[in-house]
Amino acid sequence: MMPAALRVEGLSKTYGRLRALEPLTLDIPGGAVFALLGSNGAGKSTFMKSVLTLVRPDSGTALIGGVDSRIPASREHVRYLPEIIRFPGNLTPSVMHGMLLRVRGRGTQADLMERCEQLSCTELANRPFSKMSRGQVQRTALALAFAGEPGMLFLDEPSNGLDPEARIELRTMVREQATRGSTIVINSHLLGEVEAVCGMAAFMKRGAVVASGELSALVRHTGRARIETPSPVEMASFLRRSDLEVFECDHGIEATVSEEAFPGFVALAAGSGIPFTSVEMRRESLEDLFVRLAGGGAA
Amino acid sequence: MKGMAALFEAGMKQMSKNRLITVPVGLALLYPLLVTLLLTGIRTTDPGEAASPDTAFGVIFMTVPMAATLATGFIMILGSSLLPEEISAGRAGYWIAQPVSRNSYFSGMTAASFAVCCVVTSILFYGTSAAILAFLPYRPAAIVWAFACPLFWTAANLALVTLVSLLIPRIASIIVCLAVAGVSNFLGSVSQVADAVPQGAFSETVRVISTAGFFIFPADPMLRLAMAGLRPADSSIQEMITSMGFATTPPAWQIAYAVVWSAAVFWLAAARFRRTDLA
């Protein structure tokens with residue numbers, strides 16, 4: 001694993017009496033596609049905004065590439081896509097990009113066109129924002145965020161307003177960018193999208209991180225094993241003879257088996273002489289994981 | 001401050017095609033044209049009267065305060081909407097997530113709005129002044145003041161509304177700033193009268209309040225100074241009010257105070273912006 005691209009230590013934020021972020025410590029390794037998951041009001045957007053100094057944290061620090069995020073230079077390679085932004089209606093994405101280039105002091109206009117091509121929105125590059133639909137604005141906002149070689153991307157609900165085709169293009173772009181070494185932090189409620197692109201996640205609840213790490217390590221076994229077989233009835237009756245609780249399902253059976261007993265279960269099925277195509281321990285879906293870790297309502 | 005120039009340019013680009021800006025600028029152009037029409041009428045109907053410095057005095061007295069009122073309205077609307085609108089639209093946060101400091105962002109955007117306000121002020125004040133000077137042949141008392149003071153006046157008004165708009169909601173900030181400008185103008189008149197009458201003939205409390213009004217919001221003397229600079233040096237009306245004891249030109253230190261006051265209020269607004277959560 002690469003060293004932390006983002007290190008957050010004791011970051012906390014209070015809005016009046018509302019504790020939006022409990023003192024929060026988190027490392028996001030370089031090259032990771034990291035999801036922030038939680039119910040509405042869990043503190044995901046506040047976390048992003050605190051890291052980027054858009055809100056003033058009460059305590060704690062955020063280091064981007066080892067540099068305090070309060071120092072503007074730390075954000076030289078950072079891109080941010082807010083959940084809600086109204087670009088000046090009279091400007092076009094090209095003009096907006098030109099202004100961003102002046103501020104960043106690097107990059108070219110061609111960077112934007114390259115991303116617009118990937119997101120199938122080249123014809124929008126020179127159209128005023130006021131003449132675009134919500135989804136078109138979101139496409140061009142994504143193109144602006146990915147233009148150039150961002151070292152770190154903060155995407156707050158990036159799929160908002162996108163049609164299915166654009167969502168597929170976004171997923172492809174996120175994966176490609178991660179392979180180029182960018183660290184991508186995504187805040188999204190669309191678990192399917194998250195599952196498709198994110199390798200790591202932090203689950204937030206009432207301003208605190210309740211679990212974080214590799215998604216594959218966070219999901220639990222469900223205590224059920226699944227066998228795909230063309231003969232589910234025969235397989236079920238065979239396994240029931242060994243006092244196993246067995247349920248028939250589409251294209252196979254499921255049996256209640258602990259993780260420790262799983263190797264014995266596989267050997268038992270193999271010795272049955274009944275053909276089967278696969279056998280696996282069933283794991284939680286991301287939705288199950290979300291409900292277990294971050295469920296329980298808004299803050 | 002890295003990025004300030006780029007943000008100034010960004011601010012100018014945003015405003016250059018914004019109807020909230022372009023429509024009032026277009027309307028502002030009409031005012032000097034209307035003044036020109038008025039002056040054409042005066043010159044056509046009575047060329048002898050048009051040559052009199054007193055006529056110039058009267059026209060200045062009629063038209064410049066109106067130009068100031070229009071400019072005040074524009075400055076209040078633009079100044080109260082710029083930063084609050086940038087924050088609520090998410091644009092301020094978008095820019096600050098770039099490698100720029102809040103100070104650079106504030107300075108760039110405020111400089112852009114000051115530049116736009118100066119354009120409007122120039123159209124209204126200089127356009128009106130140019131029309132008067134072109135149609136009525138007279139010698140202004142101090143043309144340099146007539147040209148410099150409207151800019152100081154603009155800075156003071158914009159500084160006030162920028163700060164207040166970061167503290168209270170937009171409409172409330174316009175109302176508060178217009179009230180402050182109105183009261184300041186009234187106190188400025190009271191102060192002039194108080195200075196003209198003999199000591200003891202005017203309540204000391206009123207004298208203190210009117211002086212305090214200047215220190216709280218020093219825009220009004222800049223307007224008076226601009227008008228004084230534009231007025232004819234040899235008008236009989238001017239001689240009469242001077243003989244009555246009215247100071248025709250506020251002291252120069254007032255300009256210095258107005259400049260320092262504007263800079264301090266802009267600094268306070270920047271400090272407030274640095275502490276604002278862009279949620």
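In what follows, every heavy atom counts, from backbone to side chain, and hydrogens, waters and symmetry copies are set aside. Given the structure is predicted, the values throughout are model-derived calculations rather than measurements. In what follows, every chain begins at residue 1, and chains take the letters A, B, ... in the order their sequences are listed.
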**Q.** B:Arg274 portion near chain A, given a 4.5 angstrom heavy-atom threshold
**A.**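 The backbone, not the side chain.
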Q | Contacting region of B:Ser88 [heavy-atom separation from chain A under 4.5 Å] | A |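 Backbone plus side chain of B:Ser88, per the 4.5 Å heavy-atom cut-off to chain A.
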At a heavy-atom separation under 4.5 Å, does [X] approach chain B through its side chain, its backbone, both, or neither?
X: A:Leu100; result: both
X: A:Phe87; result: both
X: A:Ile84; result: backbone
X: A:Val95; result: side chain

Q. Out of B:Arg19, B:Arg275, B:Glu86, which one racks up the most heavy-atom pairs below 4.5 Å with chain A?
A. B:Arg275
Q: Look at atom CE of B:Met62 and say whether more than 12 heavy atoms of other residues, nucleotides or ligands are closer to it than 6.0 Å.
A: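 Above 12, so yes.
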Q.
Atom CZ of residue position A:Arg7 - does it have more than 12 heavy atoms of other residues, nucleotides or ligands inside 6.0 Å?
A.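 Counting other residues, nucleotides and ligands, CZ of A:Arg7 stays at 12 neighbours or fewer.
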Heavy-atom closest pair, residues [X] and [Y]:
X: B:Ala97; Y: A:Leu52; value: CB-CD1, 4.3 Å
X: B:Ala10; Y: A:Met99; value: CA-SD, 3.2 Å
X: B:Trp95; Y: A:Met96; value: CZ2-CE, 3.6 Å
X: B:Gly93; Y: A:Leu54; value: O-CD2, 3.3 Å

(Q) If you define the side chain from C-beta out and look only at heavy atoms, does anything of B:Gln98 sit under 4.5 Å from A:Arg75? (A)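 They are not in contact (no side-chain heavy atoms under 4.5 Å apart), so the answer is no.
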Q) Does any non-hydrogen side-chain atom of A:Thr53 lie less than 4.5 Å from one of B:Ile96? A) yes
Q.
Taking B:Asp277 first and then A:Lys49, would you say they form a salt bridge - that is, a charged N and a carboxylate O separated by under 4.0 Å?
A. no
Q | Salt bridge flag under 4.0 Å for residues A:Arg86 and B:Glu85 | A |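 Salt bridge: yes.
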Q: Could you tell me the separation between the CD1 atom of A:Ile71 and the OG atom of B:Ser101, rounded to the nearest 0.5 Å?
A: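 Interatomic distance, A:Ile71 CD1 to B:Ser101 OG, rounded to 0.5 Å: 12.0 Å.
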Q: Measure from the side-chain N and O atoms of A:Asn90 to the backbone N and O of B:Gln14, and report whether any donor-acceptor pair falls under 3.5 Å.
A: yes
